[in-house]
S.K.: 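Before I ask anything, here is the structure I am working with.
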Amino acid sequence: MSENDKPRAEWPLWEVFVRARAGLDHKHCGSLHAPDAKMAIQLAREVYTRRQEGCSIWVVPSAQITASDPGDKDMLFDPMEDKVYRHPTFYELPEAVNHM
Amino acid sequence: MYTQAMDLAPKDERKAVRTAGEAELERRFEARIDEGDYVEAKDWMPEHYRRTLVRQISQHAHSEVVGMLPEGNWVTRAPTLKRKCILLAKIQDEGGHGLYLYAAAETLGVSRDGLIDALHAGKAKYSSIFNYPTLNWADIGVIGWLVDGAAIMNQIPLTRCSYAPYARAMIRICREESFHQRQGFDALNVMMREGTEAQRAMVQDAVNRWWWPCLMMFGPPDKDSTHSEQSMRWGIKRIGNDELRQKFVDATAQQARVLGVTLPDPLLKWNEERGHHDFGPIDWAEFWRVVGGNGPCNRERLDARVKAWEDGAWVREAALAHARKQALKGAAA
Amino acid sequence: MTSIALKPSAHVRYVLRLADTCLIHAQRLAEWCGHGPVLEEDIALTNLSLDLLGQARALLSHAAQLDGQGFDEDQLAFLRDEPAYLNLTLVEQPMRRSSAHAPGGDFADTIVRNLLVATWLRLHWQQLLGSRDAGLAAIAGKALKEARYHVEHAADWTVRLGDGTDESARRMTAALARAWPYVGEMFADDALDDAAQAEGLGPRRSALREAWRREIDAVLGAAQLAAPPDSPYLSTGSRGVHSEHMGFILAEMQHLQRAYPGGRW
């Protein structure tokens, strides 16, 4: 199955935020690939909390995060809001549900 | 080593004519690095820096994932239930480390699938140590003691790498790594101290086979490493190959004495004047042979990864198809 | 290393049926380590195996204690002869393509196996909370928490694969057909079940059939799959008469202990 035969079927990227203990904030700890939100939570539990108990997990599709531009005003290029990664493509929903 | 990437990188096209603007950005970038400042995913960075990091981080990730295979060989044959659990947990950690590293690499504008394609096509490399076979149970202990021991030495400086997502992944990895070396040493120690004659012979045999490949993990001598300089300036690589290798020999020689095993180097000797152990010459021909694809297990390792990926394609596609169906149902509701 | 033999006790054998099922199921799941369809799932499958190994260890230690000859969990795991293992035949079946001695099996077999076995185990743990054997009840208490997650993981994947692509549905149907002949054994009573019920140790297997079937049908329904017709075949692993796969599993698992008698690990 060469790259030309089938469209890329990559699981979308999710950012994971974990609250280690009650009273603390959720902290960004990394990302993972999952096909849907439920599995993203399950996998986040397996991957990012194997050594901790009693925590809370948030998962957010990476494509849903908007980040400020770190460029300072002396930069020669105009700063602009952009995605959190330089990731070239994110999971694209079919036209019919693209408003999600 | 996992930073073999730096030493083995093809000669990159040094940038052609740079615009005045780019030159200024690069000057400021270098100044920030010199001040010990961190670079984040969205910051401007020289293309050369970005490409070097993608190569370095992804090959580190590939090493973790391929590294699951030689140890995975012995999971179903672990001699006690406790050792089986420990080994499973360790290999699981390695999978997790690969995952953190792929995630860090992805912040630089590549996809994990793309990185995996490069590995499977033989274009991306992984640490040469995993091209050696695990022939007996003691190999598992030796991998923990020596291979993970070498990895830890390399990984701690990386926690201060200038590229912050990589540094953060390394901090997380180092936190989990401590148990890996300890469990390996412990497994060997029990066999040496309390085991049978046959077990002690098994341990010595494993040490004999893994010692020299482990020294090669640190990469070629500094004088032969063409890219180390640039990587050092950029805060990606902080300690030279020779220095790390010497540190490793010094620490391990002492540990070997505690274990009661002989390291297979008749020239290994404490040098009072230098304050370090002298050791014998490394067979660099073997290193280049293995790195070039002609080691004992290169073919098997890659085949196993390709097979797992291809056999799993229908699973990944099905999960995605199901998610899309659910999304459509949700939209229709 | 010479084999060990346990005393012929119905109580011990009842515990071993659960212990050995967990042990051999964990052993098969561990074969996926490093070969999973995606890195995240590799980690998840290993967690399942670790949970089951933990349950097996607790049960084997308990059985050893009941047996009273001073054996430990490892001697029971590694030094019994094949007829002394009392696991369900289902868990011996291959579940990954290219297990060393069995070319059959794929991820669908793993998910189907997990669904059928995890549901069966969870129903056991629930009933065993009230066992007259306090040790067994305590083990069940801890195992129940893990079993709930195992059932959820298996059910979620069953739905994903059953209602995913045409190919995944086809593979799931094939996997169900391969597994179903071994379901009968999960609910067929014998003298051991009678004794267990009489002594208040735990449920007879037949008592779990209805609840199990209801749950499985619900998951399969959500997955657009159907249970195959029941088979007249009755496998006998839980009586110590296994399939051909068991010999290979034990040869691999027991090898080091047998090759290094008196070894310390």
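When reading the values below, keep in mind they use all heavy atoms of this one structure, side chains included, and skip hydrogens, waters and symmetry mates. Lettering of chains follows the sequences in order, A, B, ..., and the numbering in each one begins at 1.
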S.K.: Can you measure from OH (Y260(C)) to CH2 (W137(B)) and round to the nearest 0.5 angstrom?
M.R.: 12.5 Å
S.K.: Examine whether an atom of D42(C) lies under 4.5 Å from a heavy atom of chain B, and if so say whether it belongs to the side chain, the backbone or both; otherwise answer neither.
M.R.: side chain
S.K.: Go through D166(C), N47(C), D163(C) and name the one with the most non-hydrogen pairs under 4.5 angstrom from chain B.
M.R.: D163(C)
S.K.: So for A30(C), is it side chain, backbone, both, or neither that comes closer than 4.5 Å to the heavy atoms of chain B?
M.R.: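 Both backbone and side chain.
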S.K.: If I compare all heavy atoms of W265(C) with all of R83(B), which pair ends up nearest, and what's the gap?
M.R.: O-NE, 2.6 Å
S.K.: Of the listed residues (R305(B), E71(B), E94(B), M202(B)), which shares the most heavy-atom pairs with chain C below a 4.5 Å separation?
M.R.: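 Most heavy-atom pairs within the cutoff with chain C belong to M202(B).
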S.K.: Which members of residues 215-228 of chain C, sorted by number, sit under 4.5 angstrom from chain B on a heavy-atom basis?
M.R.: none
S.K.: Of E252(C), E31(C), R28(C), which is the lone residue that meets side chain to side chain donor-acceptor pair (under 3.5 Å) with T76(B)?
M.R.: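 With T76(B) as partner, side chain to side chain donor-acceptor pair (under 3.5 Å) holds for just one option, E252(C).
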S.K.: For G98(B) versus L39(C), what's the shortest heavy-atom pair and its separation?
M.R.: C-CD2, 4.1 Å
S.K.: Once you round to the nearest 0.5 Å, how far does CH2 of W74(B) lie from NE2 of H255(C)?
M.R.: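 Going from the CH2 atom of W74(B) to the NE2 atom of H255(C) covers 6.0 Å.
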S.K.: Which atoms form the tightest heavy-atom contact between P37(C) and G312(B), and what is the distance?
M.R.: CB-CA, 3.6 Å
S.K.: Measure across G164(C) and A321(B) and return the closest heavy-atom pair with its distance rounded to 0.1 Å.
M.R.: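 In terms of heavy atoms, the two residues are closest at O-CB, 3.6 Å.
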S.K.: If you tally heavy-atom pairs under 4.5 Å against chain C, which of E310(B), Q199(B), M68(B) wins?
M.R.: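 Ranked by contacts with chain C, first place is Q199(B).
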S.K.: If I measure from the heavy atoms of chain B, does L45(C) come under 4.5 Å with its side chain, its backbone, both, or neither?
M.R.: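 It is neither, since no heavy atom gets under 4.5 Å.
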S.K.: Tell me, for R193(B) versus chain C, whether the close heavy atoms (under 4.5 Å) come from the side chain, the backbone, both or neither.
M.R.: neither
S.K.: Verify, without hydrogens or angle tests, whether E194(B) (side chain) and R264(C) (backbone) share a donor-acceptor contact under 3.5 angstrom.
M.R.: no
S.K.: Under 4.5 Å heavy-atom distance to chain B, tell me which part of F78(C) shows up: side chain, backbone, both or neither.
M.R.: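 Only the side chain of F78(C) comes within 4.5 Å of chain B.
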S.K.: Is the count of non-hydrogen atoms from other residues, nucleotides or ligands lying under 6.0 Å from R178(C) atom CZ greater than 12?
M.R.: yes
S.K.: Taking only Lys NZ, Arg NE, NH1 and NH2, and the carboxylate oxygens of Asp or Glu, determine whether R112(B) and E40(C) approach each other closer than 4.0 Å.
M.R.: yes
S.K.: Are V315(B) and W157(C) close enough that some pair of their side-chain heavy atoms sits under 4.5 Å apart?
M.R.: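 Yes - at least one pair of side-chain heavy atoms lies under 4.5 Å apart.
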S.K.: For atom NZ of K325(B), is the number of surrounding heavy atoms from other residues, nucleotides or ligands below 6.0 Å larger than 12?
M.R.: yes
S.K.: Please look at I111(C) and chain B and tell me whether the side chain, the backbone, both or neither of the residue comes under 4.5 angstrom of a heavy atom of that chain.
M.R.: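 Contact with chain B is absent: no heavy atom of I111(C) under 4.5 Å.
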S.K.: Using non-hydrogen atoms only, which part of V66(B) is less than 4.5 Å away from chain C: side chain, backbone, both, or neither?
M.R.: neither
S.K.: Which answer fits D72(C), side chain, backbone, both or neither, if we ask what part of it has an atom under 4.5 Å from a heavy atom of chain B?
M.R.: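 Neither part.
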S.K.: For chain B, which candidate among E41(C), E73(C), R57(C) shows the most heavy-atom pairs at distances under 4.5 Å?
M.R.: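 Top count of heavy-atom pairs under 4.5 Å with chain B: R57(C).
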S.K.: If every non-hydrogen atom of T196(B) is compared with every non-hydrogen atom of P261(C), which pair is closest and at what distance?
M.R.: CG2-O, 3.8 Å
S.K.: Within this structure, what is the OG1-CG distance for the pair T46(C) and L88(B), rounded to the nearest 0.5 Å?
M.R.: 6.0 Å
S.K.: Using heavy-atom distances under 4.5 Å, tell me whether A169(C) contacts chain B through its side chain, its backbone, both, or neither.
M.R.: neither
S.K.: For H322(B), which of T165(C), L161(C), V159(C), D156(C) qualifies under side chain to side chain contact (heavy atoms under 4.5 Å, CB included)?
M.R.: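 Answer after filtering T165(C), L161(C), V159(C), D156(C): V159(C).
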S.K.: What's the separation between atom SG in C33(C) and atom CD in Q92(B), rounded to the nearest 0.5 Å?
M.R.: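 Nearest 0.5 Å value for the SG-CD distance: 7.5 Å.
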S.K.: Please say whether more than 12 non-hydrogen atoms of neighbouring residues, nucleotides or ligands are located less than 6.0 Å from CD in Q326(B).
M.R.: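 Yes, enclosed.
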S.K.: Kindly determine whether K84(B) and Q27(C) satisfy side chain to side chain contact (heavy atoms under 4.5 Å, CB included), including the steps that lead there.
M.R.: CA-CA 10 Å; K84(B) 199 195 286 284; Q27(C) 178 78 349; 2.6 Å; yes
S.K.: Quick one: pull up OG1 in T80(B) and CG in L256(C) and give me the separation to the nearest 0.5 Å.
M.R.: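 Atom-to-atom, T80(B):OG1 and L256(C):CG are 10.0 Å apart.
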S.K.: Quick one: does Q257(C)'s side chain have a donor or acceptor within less than 3.5 Å of a partner on P79(B)'s backbone?
M.R.: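 Yes, the answer is positive, given that a donor and an acceptor are paired below the 3.5 Å cut-off.
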S.K.: Can a donor-acceptor pair be found, under 3.5 Å and without considering hydrogens, that links the side chain of R316(B) to the backbone of V38(C)?
M.R.: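 No, R316(B) side chain to V38(C) backbone: no donor-acceptor pair under 3.5 Å.
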S.K.: Are the side chains of L99(B) and I43(C) in touch, meaning some heavy atoms are under 4.5 Å apart?
M.R.: yes
S.K.: So which part of L81(B) gets closer than 4.5 Å to some heavy atom of chain C, the side chain, the backbone, both or neither?
M.R.: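 Contact with chain C: backbone and side chain both.
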